[in-house]
Chemist: 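One structure follows; several queries about it will come next.
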There are 2 protein chains.
Amino acid sequence: MYSFTEENYLKAIYKLSDNDGNGVSTNSIAENMETKAASVTDMIKKLSDKKLLKYEKYKGVNLTQKGKDVALQTIRKHRIWEVFLHEKLKFGWEEVHEVAEQLEHIQSELLINKLDEFLGYPTHDPHGDPIPGENGEFHSNAFVSLDTVEANKKVILSGVINHSVPFLQHLKKIDLTLGQKLMVIEINEYDRSLKLVLNGKIEIFISNEVAKNILVK
Amino acid sequence: MYSFTEENYLKAIYKLSDNDGNGVSTNSIAENMETKAASVTDMIKKLSDKKLLKYEKYKGVNLTQKGKDVALQTIRKHRIWEVFLHEKLKFGWEEVHEVAEQLEHIQSELLINKLDEFLGYPTHDPHGDPIPGENGEFHSNAFVSLDTVEANKKVILSGVINHSVPFLQHLKKIDLTLGQKLMVIEINEYDRSLKLVLNGKIEIFISNEVAKNILVK
DNA sequence: TATTATTTTTAGACAAATCTAAATTTATAT
DNA sequence: ATATAAATTTAGATTTGTCTAAAAATAATA
């Protein structure tokens, strides 16, 4: 239906959209996709011809409903594959993204639906990001950032904001993985670094920078 | 490493090779890949430059060891994915090929090895074709065609020669699927059609044409 | 507001893979 | 052995996605 490249553009534009009506700029797309602005202009024209987005010269772009649908289905496939890689094939959460970037472009409705069923209809990927449904609907997750949690309240690590490989590797090393039960037991006044207790036993310290990038519920 | 298209050419040439030193003809490749001879010539030159095959004008091509390795790894990936689709996602054996044609091109050594482990190191795909190992080695399967089996000998359906969707659908409809235990109980002298008994219970008739395309052990 | 600076677009070129039509080579048949 | 047929290659064009360099539009600043 749509090419590998078209799907990647739509996904990038979707993620860059604020839904405030302000068009996504050519440069921001180019930066996000690690390509040049001239290439983006070319592709934008093509996607506009296909009614996947609205484009006015020099004004940036906004996805149409059709464009959003394609983006959401691609994100859905990406995240379902990530669950498969993590849960079934035991990939680390820092390893799943790269492979899922390829798998998300496999064309087969049947495949993704059967995979979804095989995995028990997961609602979140291994980074805690919600998986859109077949019709693009999100069950919003209402997670909060760990640096806003009050002391002595039990929470569960449910997602991350920073998805970078080094960050994910760091968290894994200090046993902060998805589903981890934890409690903030001390908030340092000076730098807002935190002392946590994991599983009611081990105590660890994390910086505010790290805490800001962890989501809990 | 190699493009989608390059892998497909190498796979097709591998399958068309007799290993008798006779080059594979341009036309046979074109026919097999449903493309034009001129396109094949272009691609052949490219693959020859990359030392994946030996090419002399008007003499056809032969894969080098390097070319065979790439072809075998692609076939390995294809067949492992077919097992996954059939065993885990419950695709019919007539449905797996098309999707595996896409999945075989995903680039990740780690992925295919972890998938192989997840599936318990299968030796054959859902059509009974052997799965090459990591180093391209085959455990040859020594199956025989059902039309050569003597009467009253218990055998197990272990593969097919004809891989077409209609043929596979037909077999499934009459309960002839991989692993089915059966016995030839009557061989018609006139047209060499067969009467079979399945699981020691149900009796069915099949034509010689069908029998020739079924492999048993 | 006039002048820079930045962003975006256009123009033209390139690489990959394909095609058609024509030319060339090899095979076949009288 | 010569003519015809079949297979293969070349030449030139096309599509998709990309790029650089230059031009045009918009934004920022003095």
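Below, read A as the first sequence line, B as the second, and so on, with proteins coming before strands; counting in each chain starts at 1. Everything quoted here is computed from the prediction, not taken from an experiment.
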Chemist: How is B:Y9 classified with respect to the nucleic acid when contacts are heavy atoms under 4.0 Å: base, sugar-phosphate, or nothing?
Modeler: sugar-phosphate
Chemist: Just wondering, are more than 12 heavy atoms of other shown residues or ligands nearer than 6.0 Å to NZ in A:K51?
Modeler: no
Chemist: Indicate for each nucleotide in nucleotides 1-8 of chain D, in 5' to 3' sequence, whether protein heavy atoms under 4.0 Å reach the base (B), only the sugar-phosphate (S), or nothing (-).
Modeler: ------SB
Chemist: Take the protein atom CD of A:E34 and the nucleotide atom P of D:dT18, then report the distance between them rounded to whole Å.
Modeler: 13 Å
Chemist: Determine the contact category for A:T5: base if any of its heavy atoms lies under 4.0 Å from a base atom, sugar-phosphate if only primed atoms, P, OP1 or OP2 are that close, otherwise nothing.
Modeler: sugar-phosphate
Chemist: Considering just the side-chain nitrogens and oxygens of B:K36, establish if one lies under 4.0 Å of OP1 or OP2 belonging to C:dT20.
Modeler: yes
Chemist: Evaluate the ring planes of B:F84 and A:F118, with Trp represented by its six-membered ring, and classify them as parallel (under 30°), tilted (30 to 60°) or perpendicular (over 60°).
Modeler: perpendicular
Chemist: For a quick test of reading the model: is some side-chain N or O of A:S3 closer than 4.0 Å to OP1 or OP2 of D:dT16?
Modeler: no
Chemist: Provide, to the nearest angstrom, the distance between the CD atom belonging to B:E6 and the C1' atom belonging to C:dT18.
Modeler: 14 Å
Chemist: Just so I know, are the side chains of B:R192 and B:D147 near enough to count as touching, which here means a heavy-atom distance under 4.5 Å?
Modeler: no
Chemist: With side chains defined as the heavy atoms from C-beta onward, is the minimum distance between A:H124 and A:L178 less than 4.5 Å?
Modeler: no
Chemist: In terms of heavy-atom contacts, does NZ of B:K50 have more than 12 from other residues, nucleotides or ligands at under 6.0 Å?
Modeler: yes
Chemist: Specify the separation, in whole Å, of atom CD1 of A:I44 and atom P of C:dT8.
Modeler: 9 Å
Chemist: Looking at D:dT16, I'd like to know if its phosphate oxygens (OP1 or OP2) sit under 4.0 Å from a side-chain N or O belonging to A:Y2.
Modeler: no
Chemist: Can you establish whether the number of heavy atoms outside B:E98 located under 6.0 Å from its atom CD is more than 12?
Modeler: no
Chemist: Taking the six-membered ring for Trp, is the centroid-to-centroid distance between B:F4 and A:F4 below 6.0 Å?
Modeler: no
Chemist: Quickly work out the A:D42 CG to C:dA13 P distance and round it to whole Å.
Modeler: 15 Å
Chemist: To the nearest angstrom, how far is A:E56 atom CD from D:dT26 atom P?
Modeler: 11 Å
Chemist: For B:A38 and for B:M43, find the nucleotide of DNA chain C with the closest heavy atom, then tell me which residue's nucleotide is more 5'.
Modeler: B:M43
Chemist: Atom CG of B:L47 and atom C1' of C:dA16: how far apart are they, to the nearest Å?
Modeler: 12 Å
